[in-house]
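A note on names: the letters A, B, ... follow the listed sequences, proteins ahead of strands, and every chain is numbered from 1.
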Amino acid sequence: MTDHAADFYAAVALDVPLARSFDYRVAGVLPAVGERVVVPFGRQRLSGVVTALSQIAPDFAGIRDIESAPGDMPALPADVLALCRFVADYYLAPIGQVLAGALPTVFRQPKVWSGFEAELAYAAPDVEALLATLSARARKQRALAEALRQPRRIDELRAVASDASRWLKDWQAAGQVITRPWQPPAPGQVHTGPRPELQAEQAAAVDALGAAQGFVPWLLYGITGSGKTEVYLRSIEAVLQRGQQALVLVPEINLTPQLEGRFRQRFPEECVVSLHSGLAEGERTRNWLMAARGEARIVLGTRLAVFAPLPALGLIVVDEEHDPSYRQSEGVRYSARDLAVYRANQRKVPVLLGSATPSLESWKNAREGRYRLLQLKQRAVTGAVAPKIELLPTGRVYMPDGIHPLALDALARTLNSGGQALVFINRRGYAPVLSCRDCGWISGCKRCSAKLVLHLSERRLRCHHCGYEIMPPVACPDCGNQDLQPLGQGTQRIEDILASRFPETPPLRIDRDNTRRKGSLEAMLAQVHAGEARLLVGTQMLAKGHDFAKLQLVLVLGADSGLFSVDFRAEERLYAQLLQVAGRAGRAGQPGRVLIQTHYPEHPFFGALVRGDYAAFADEQLAQRKQLLLPPASHWAMLRAEARQMPRAMGVLKAAQADLRAAGITVNDPVPATLVRKAGVERAQLVLSAPQRGVLQQALDHWLHSAQIPSGVRVTTDIDPQEF
DNA sequence: AGCACGCCGACT
DNA sequence: GTCGGCGTGCTC
């Protein structure tokens with residue numbers, strides 16, 4: 001008989017979509033709270049995180065033993081556990097899934113992680129001798145050799161030259177490079193690379209940031225080219241000087257290498273690591289561990305990095321804080337920007353939100369004094385000139401191809417003079433849909449309620465939601481008419497039109513359809529930088545981060561679709577997007593030209609955009625939202641139900657509607673989702689709102705726990721939904 | 001989510 | 001006669 005008095009019991013959070021944690025008896029060594037353990041679960045073995053320990057035996061007869069504690073992961077610190085619990089409560093998500101999302105993937109599996117070997121540092125004892133063996137033209141190799149003047153980790157060296165591993169192996173074999181265990185640099189004097197002079201506004205911002213103590217949320221509102229990054233760098237420098245860590249969040253993976261390079265240049269002796277899902281498993285795990293041990297002083301990452309353990313956290317920076325990529329929209333839904341603010345508050349450190357087009361949420365907070373506003377109105381980046389934004393009214397102009405003749409003229413002039421031009425349209429494919437002129441038939445997806453998009457180059461009709469593909473029919477399936485026409489425009493159709501208009505300078509299309517293969521985007525961007533491609537056609541993708549020095553003209557098509565959208569956030573997003581593409585033009589000294597083709601040149605939206613007055617636009621939008629009781633002036637949530645048949649999904653939502661109305665929540669009627677059927681599942685949604693966040697939260701939480709949801713119906717919640 | 005159990009249609 | 005479809009139910 002076992003001595004029950006001495007037993008410990010652990011509550012373990014598992015990566016299953018169940019709200020509660022599961023209790024296990026501690027069989028061996030007592031694990032710490034926050035440690036990962038492997039447990040039996042039904043017929044499976046799962047990895048979970050210990051969330052609580054107790055000596056009181058749970059009232060459950062079938063209790064089982066913890067199988068093992070692998071000990072390959074440091075226990076999550078209390079603040080990360082608390083952050084995860086907050087996410088679980090706030091977003092009504094299962095705690096186990098939140099915790100799983102916070103860990104590198106290797107720690108979500110029962111398997112013990114063996115990539116445990118000590119981090120190595122590479123160095124060249126005699127750099128001059130090594131350089132002497134290299135050809136003068138081998139620029140990457142020479143850069144790598146230069147970097148080896150001091151001991152460097154492999155990830156740093158790969159950032160210098162992507163082929164680092166191969167060359168290091170050769171040089172090691174030749175005895176020119178040696179390795180030894182990597183030692184984290186002791187905090188001390190911070191050495192910086194060259195620092196540009198600060199403009200008065202930047203200096204004022206840096207001073208204000210430096211003077212503040214404890215938790216202060218800052219909104220750094222700075223126009224494109226005003227040098228926000230320099231403000232981040234100076235603030236980080238102060239953090240490093242105090243021996244603390246800085247967490248820097250960026251919206252997308254492809255923005256990390258650029259910024260990482262800049263940080264490494266500025267702080268050549270500091271340990272900078274990145275955290276994002278594009279990293280190889282081993283590298284991500286090692287970087288995470290360096291962050292968790294406090295060795296990494298600067299942690300640069302995408303939204304998932306907000307969960308990284310950081311024992312010496314001193315500052316959080318959220319770059320492009322308005323960016324929708326900060327929202328996780330699958331699985332556990334959260335806003336990394338909001339969590340960054342929560343975490344800063346938790347740790348009593350400042351958080352710096354930067355943007356040229358702040359989100360209305362942050363703007364409201366700044367206007368109401370909850371965030372402190374820092375403004376950069378002047379251009380500080382050398383060569384940065386404001387692009388000239390012009391409207392091209394399409395009123396009564398004959399445009400057989402959907403492009404204004406003046407736009408074609410401008411393109412021709414730019415191309416003839418040897419310049420580069422970008423045609424921006426936010427729609428992939430050849431044309432949105434294929435349609436029959438006779439009977440009005442439109443290509444629809446068999447599995448979803450979405451339209452199939454024509455991709456002419458692959459001769460496919462493709463669903464952008466579920467991936468369903470078919471060959472385009474030769475004749476109309478309904479009436480047999482052979483004259484099927486593409487309706488509207490997408491990137492591919494524009495590409496075709498431009499190809500016939502400008503045979504001398506073939507257009508290069510860059511969108512998700514032709515950059516899916518790894519490295520293909522980089523290859524295309526290289527063509528652009530080399531000046532081989534001078535006429536670009538692209539979506540969203542091209543708007544972010546990539547600077548094209550020779551770009552003189554940006555033509556925006558299809559902007560109007562954002563003006564009259566049912567989605568109340570569409571205008572806000574359009575503004576940010578247009579400003580971002582506009583910023584691509586004319587960075588190398590000459591002002592670029594941005595032409596926006598529109599049917600509605602009088603729309604107030606364009607007034608603010610052309611004047612470059614985002615503040616006015618944001619204030620106007622906020623006033624509207626207040627009047628219409630839309631976020632951020634009220635709080636919204638969405639209840640979604642999925643089932644095989646629509647009536648079952650609707651039934652659950654109708655019940656929810658009645659219950660939640662009784663609880664004092666404003667509830668719309670349940671409606672079939674925008675995309676009613678997705679991959680064979682019927683979906684419906686219910687939009688809820690309340691002036692106070694807490695009321696909504698409690699009512700929903702209560703409903704989820706008490707409602708009788710029939711099996712076969714899946715209910716999910718989306719707090720602060722971004723799309724409707 | 002997995003993974004079982006369980007009860008009805010077309011196949012080696 | 002069985003293989004297998006996915007409805008239902010459970011996991012400390």
* **Least distance between heavy atoms, A:A344 atom then A:V351 atom** => CB-CB, 3.6 Å
* **Heavy-atom pair of closest approach, residues A:L700 and A:A637** => CD1-CB, 3.8 Å
* Asked: Does CG belonging to A:D59 count more than 12 external heavy atoms closer than 6.0 Å?
  -> no
* Asked: Rounded to whole angstrom units, what separation is found between the CD atom of A:Q109 and the C1' atom of B:dA1?
  -> 15 Å
* Structure fact -> Between CG of A:L18 and P of B:dG2 the distance, given in whole Å, is 11 Å
* Tell me whether the centres of the aromatic rings in A:F307 and A:Y334 are closer together than 6.0 Å. => yes
* Asked: Where do A:E321 and A:S359 land on the side-chain hydrogen bond (donor to acceptor under 3.5 Å, both in side chains) test, with the steps shown first?
  -> CA-CA 7 Å; A:E321 66 88 26; A:S359 64; 3.2 Å; yes
* For DNA chain C, which nucleotides open and close the run of contacts to chain A, 5' to 3', at under 4.0 angstrom from a non-hydrogen atom? -> C:dT8 to C:dC12
* Asked: Any donor-acceptor pair under 3.5 Å linking the side chain of A:R661 with the backbone of A:V667?
  -> yes
* Min side-chain heavy-atom separation A:P40-A:Y24 under 4.5 Å -> yes
* Which of residues 35-46 of chain A have a heavy atom under 4.0 Å from DNA chain C? -> A:P40, A:F41, A:G42
* Check side-chain hydrogen bond (donor to acceptor under 3.5 Å, both in side chains) between A:S634 and all other residues, then give those that pass, not counting sequence neighbours. => A:W636
